[in-house]
Amino acid sequence: MMPVTSVNKQESSRLKGGLITMPFIIANEAFEKVASFGLLNNMIIYLVTGYNMDYAKGANVLFLWSAVSNFMPILGAFISDSYLGRFLVITLGSVSSLAGIVLLWLTAMLPYAKPNPGEQASHAQLCLLFGSFVLMSIGAGGIRPCSLAFGADQFNKEDNPNNARVLQSFFNWYYASVGVSIMIAVTLIVYIQDKFGWKVGFGVPAALVLLSIVLFLLGFPLYVRAKTYQSLLTTCAQVVVAAMKNRGLKLPSKVGDGWFHQDKDSKIIVVPSEKLRFLNKACIIRNRDKDLDSDGSALDPWTLCTVTQVEDLKSVIRVLPIWSTGIMIAVTISQVAFPVLQAKTMNRHLTSKFQIPAGSFSVFGILTLTIWVAIYDRILVPIIAKYTGRPRGLTNKQRMGIGLVISCMALSASALVENARRTRAIREGLIDNPVAVVNISAMWLIIQHCLTGLAEAFNAIGQIEFYYSQLPKTMGSIAVALFALGMAVGNLVGSLIVTVLDEVTKRGGRESWVTNNLNRGRYDNYYWVLTILCTLNFVYFLGCCWLYGDEDELLPVLTKVSNEGHEKEEKDLEK
């Protein structure tokens with residue numbers, strides 16, 4: 001009979017998780033997004049007016065800050081999955097974000113924290129500014145990869161036949177809630193900064209992050225907290241080393257028992273897949289007496305690994321080419337600085353007394369994303385599923401590809417609108433007056449923002465779900481962090497593109513394409529360069545999809561039938 005304490009623990013575990021935990025988890029992520037995006041959208045203006053940076057340098061600072069903020073989730077995911085768990089990493093990340101925003105608030109409060117007008121910032125002033133960025137990036141590294149995976153833990157019940165559909169709906173609605181948060185950030189927070197100044201504009205996000213920490217901790221008794229696993233980086237390294245050591249061995253037959261599975265009593269034996277076969281040598285048993293301990297474990301994990309370890313590493317390697325196709329769309333999504341500067345030179349009035357803040361135009365992209373997610377999930381998926389036979393409607397790769405095509409359209413629209421703005425400015429004699437408002441409506445910028453939001457709705461959600469479905473559940477946070485890593489690399493590529501174009505186009509005494517004077521610069525050509533690169537990236541994406549094959553492909557397994565004394569192969573058992 002099962003002990004009473006064990007029964008109570010199982011019953012308690014079943015009662016945890018579910019919808020009741022969502023307000024606490026989503027509130028934490030939402031307030032973090034309100035704070036971070038509320039700061040990011042107007043930060044180019046703060047750097048230009050408060051720290052006397054030129055446009056190209058300010059844009060590069062923001063690209064690099066975003067890159068670090070998106071690199072840190074890889075470290076946060078590794079620590080959460082392998083050591084501390086998602087709950088603790090989210091908590092520590094939230095505290096770090098709070099410290100960073102408070103430090104940024106101090107740069108606005110302290111009179112000597114910024115340089116005087118026309119002067120360059122001192123090293124101490126820049127250290128205070130960049131220190132706040134670093135702390136906020138560390139915080140993002142703890143919250144962003146773990147929050148979504150932690151929320152999925154509350155719903156991920158593999159005995160539920162509708163589990164895949166439930167998780168997809170959760171991903172979509174979670175992303176939509178984040179979209180609403182960002183809309184609030186780029187409207188309300190940006191408006192507060194424009195109306196009441198930086199002291200209040202930085203103080204409000206600090207208060208919101210503090211509130212997010214309190215709300216998240218209140219849900220502690222209700223959470224399902226998944227256990228941590230062995231260091232994933234160590235496991236992957238062991239597979240590579242073991243495969244190299246065993247490179248001279250011949251692969252056993254499929255129906256043989258020369259593969260190491262750890263669980264010697266299991267009746268189901270997973271055979272390593274045929275793809276990336278050189279790694280299969282890491283799980284070959286050479287001599288059972290010398291390779292295995294009395295409990296069936298490997299004596300040297302750097303010489304012998306399990307089939308599961310090998311397949312986990314293969315899963316990561318297989319998704320990397322498709323992951324790399326997300327870098328260029330990350331450049332598109334990260335176009336924050338230049339559209340804000342463009343909007344400041346255009347007519348932003350809705351009425352004679354009210355004009356949209358320059359940093360708030362990105363709300364149209366987020367609004368498009370949010371509305372599309374709702375329409376797709378509730379209306380289009382059931383219709384498309386009838387024709388495709390897939391419960392998710394389109395495949396993840398199809399959604400990603402559509403997003404890439406729309407991103408090319410968004411950049412083309414950006415180039416056309418900027419060309420029209422610059423042409424009008426020259427016609428009005430404003431070529432040497434870059435701060436003057438050109439007689440052209442800023443509402444034309446809505447087109448590029450809506451297309452960017454639609455591209456993100458297809459590609460970003462498709463990417464996250466693709467990684468989560470293709471990688472082992474033990475790599476849940478790593479799967480989510482891969483998207484953040486793509487955004488990080490995209491930010492670095494974006495910074496590199498700006499730097500290269502600035503250096504190349506100003507040679508020979510010519511005006512740089514990305515000069516401080518928008519009317520003399522050629523930001524339209526900058527957008528056309530990005531359009532060409534994104535088009536080439538789409539062609540590359542098609543090749544990667546062809547090489548990857550079917551994302552629903554199942555691994556063949558062997559089932560050992562002990563009472564019949566023979567083995568039979570079953571190829572359709574779910575991975």
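Just so we're clear, the structure is a prediction, and the values are computed from it rather than from any experiment.
With Cys534 as the partner, the side-chain contact (heavy atoms from CB on, under 4.5 Å) test is satisfied by one option alone out of Leu411, Val331, Val529: Leu411.
The shortest non-hydrogen separation linking Ile322 to Met400 is CG2-CE, 3.3 Å. The shortest heavy-atom contact between Ala242 and Ala282 is CB-CB, 3.7 Å. Summarising the geometry of Ala410 relative to Thr452, their closest heavy-atom pair is CB-OG1, 3.6 Å, with the distance given to 0.1 Å. When all heavy atoms of Gly403 and Ala455 are compared, the closest pair comes out as O-CB, 3.3 Å. In this structure, Asn246 and Ile284 approach most closely via the heavy-atom pair ND2-O, 4.4 Å. Minimum heavy-atom separation, Ala413 to Leu451: CB-CD1, 4.2 Å.
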> Could you walk me through whether Tyr468 and Gln463 pass the side-chain hydrogen bond (donor to acceptor under 3.5 Å, both in side chains) check?
Replying inline: CA-CA 9 Å; Tyr468 198 85; Gln463 275 196 68; over 6 Å; no
>> Please evaluate residues Thr535 and Phe538 with respect to the criterion side-chain contact (heavy atoms from CB on, under 4.5 Å), reporting the C-alpha separation (whole Å), side-chain torsions for both, the decisive distance (0.1 Å), and the verdict.
In response: CA-CA 5 Å; Thr535 302; Phe538 176 68; 5.7 Å; no
> For Val498 and Tyr526, what are the C-alpha separation, side-chain angles and deciding distance, and is it a side-chain contact (heavy atoms from CB on, under 4.5 Å)?
Replying inline: CA-CA 8 Å; Val498 170; Tyr526 163 73; 3.9 Å; yes
>> Is there a side-chain hydrogen bond (donor to acceptor under 3.5 Å, both in side chains) between Tyr527 and Ser412? Walk through the geometry before answering.
In response: CA-CA 7 Å; Tyr527 286 125; Ser412 299; over 6 Å; no
>> Apply side-chain contact (heavy atoms from CB on, under 4.5 Å) to residues Tyr223 and Phe216 and explain how you reach the verdict.
In response: CA-CA 10 Å; Tyr223 298 140; Phe216 183 70; 3.5 Å; yes
>> What verdict does the side-chain contact (heavy atoms from CB on, under 4.5 Å) test give for Val89 and Phe150, after you've listed the backbone C-alpha separation in whole Å, the side-chain angles of each residue and the deciding distance to 0.1 Å?
In response: CA-CA 10 Å; Val89 170; Phe150 189 61; over 6 Å; no
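With sequence neighbours left out, the ring-ring contact (aromatic ring centres under 6.0 Å, His included) criterion links Phe541 to no other residue. Checked against ring-ring contact (aromatic ring centres under 6.0 Å, His included), Trp528 has no partners two or more places apart in sequence or in another chain. By the side-chain contact (heavy atoms from CB on, under 4.5 Å) test, Ser495 pairs with Asn60, Phe63, Leu64, Thr499, sequence neighbours left out. For Arg286, there are no side chain to side chain donor-acceptor pair (under 3.5 Å) partners two or more places apart in sequence or in a different chain. In this view, Thr303 and Asp300 satisfy the side chain to side chain donor-acceptor pair (under 3.5 Å) rule, not counting sequence neighbours. Applying the side-chain contact (heavy atoms from CB on, under 4.5 Å) test to Val68 and every residue at least two apart in sequence or in another chain returns Met72, Ser137. For Ile371, the side-chain contact (heavy atoms from CB on, under 4.5 Å) criterion is met by Leu367, Ile375, not counting sequence neighbours. Residues passing the ring-ring contact (aromatic ring centres under 6.0 Å, His included) test with Phe364, sequence neighbours excluded: none. Residues that satisfy the side chain to side chain donor-acceptor pair (under 3.5 Å) test with Thr91, not counting sequence neighbours, are absent from this structure. Partners of Lys314 under the side chain to side chain donor-acceptor pair (under 3.5 Å) rule, at least two apart in sequence or in another chain, are Ser273, Asn280, Glu311. In this structure Phe133 satisfies the ring-ring contact (aromatic ring centres under 6.0 Å, His included) test together with Trp65, sequence neighbours excluded.
With hydrogens and angles disregarded, no donor-acceptor distance shorter than 3.5 Å links the side chain of Ser96 to the backbone of Gly93. The backbone N or O of Gly462 lies less than 3.5 Å from no partner atom in the side chain of Glu465, so there is not a single donor-acceptor pair. Remark: the backbone N or O of Thr306 is paired with a side-chain donor or acceptor of Gln309 at under 3.5 angstrom. For Asn70 (side chain) and Ser66 (main-chain N/O), a donor-acceptor pair under 3.5 Å exists by modelled atom type. A donor-acceptor pair is defined here as one N or O able to donate and one able to accept, closer than 3.5 Å; such a pair exists between the side chain of Lys281 and the backbone of Leu249.
The distance from atom CG of Leu547 to atom CG of Leu542, rounded to the nearest 0.5 Å, is 11.0 Å. With values rounded to the nearest 0.5 angstrom, Arg247 atom CZ is found 14.0 Å from Leu279 atom CG. Note that SG of Cys408 is 10.5 Å distant from CG of Leu530, once rounded to the nearest 0.5 Å. For the atom pair Gln470 CD and Asn396 CG, the distance stands at 7.5 Å (nearest 0.5 Å). Taking CD1 of Ile464 as the start and OG of Ser469 as the end, the distance is 12.0 Å to the nearest 0.5 Å. Distance SG/Cys146 to CZ/Arg86: 7.0 Å, rounded to 0.5 Å.
Residues Lys245 and Trp302 are in side-chain contact: their nearest non-hydrogen atoms beyond the backbone lie under 4.5 Å apart. Looking at Leu135 and Ser97, their side chains never come closer than 4.5 Å, going by heavy atoms from C-beta outward. Contact annotation: the side chain of Leu533 approaches that of Ile497 to within less than 4.5 Å [non-hydrogen atoms, C-beta and beyond]. When side chains are defined from C-beta on, Leu313 counts as touching Ile317, because their heavy atoms get closer than 4.5 Å. Between Leu404 and Asn537 there is a side-chain heavy-atom pair separated by less than 4.5 Å. Within the 4.5 Å cutoff, side-chain heavy atoms of Val489 are placed close to those of Phe71. Between Thr235 and Asp312 the shortest side-chain heavy-atom distance does not fall below 4.5 Å. Side-chain atoms of Cys283 and Pro272, non-hydrogen and from C-beta on, do get closer than 4.5 Å to each other.
Proximity of the aromatic rings of Trp372 and Phe458 is defined here by a centroid distance below 6.0 angstrom, and this criterion is met. Here Phe87 and Phe220 bring their ring centres to under 6.0 angstrom of each other.
A cation-pi arrangement is found for Arg318 relative to Tyr548, the charged atom lying closer than 6.0 Å to the ring centre and inside a 45° cone about the ring normal.
A side chain to side chain donor-acceptor pair (under 3.5 Å) check over residues 483-494, counting only residues at least two apart or in different chains, returns the pairs Ser334-Asn491.
A donor-acceptor pair shorter than 3.5 Å can be found between the side chains of Asn28 and Ser94.
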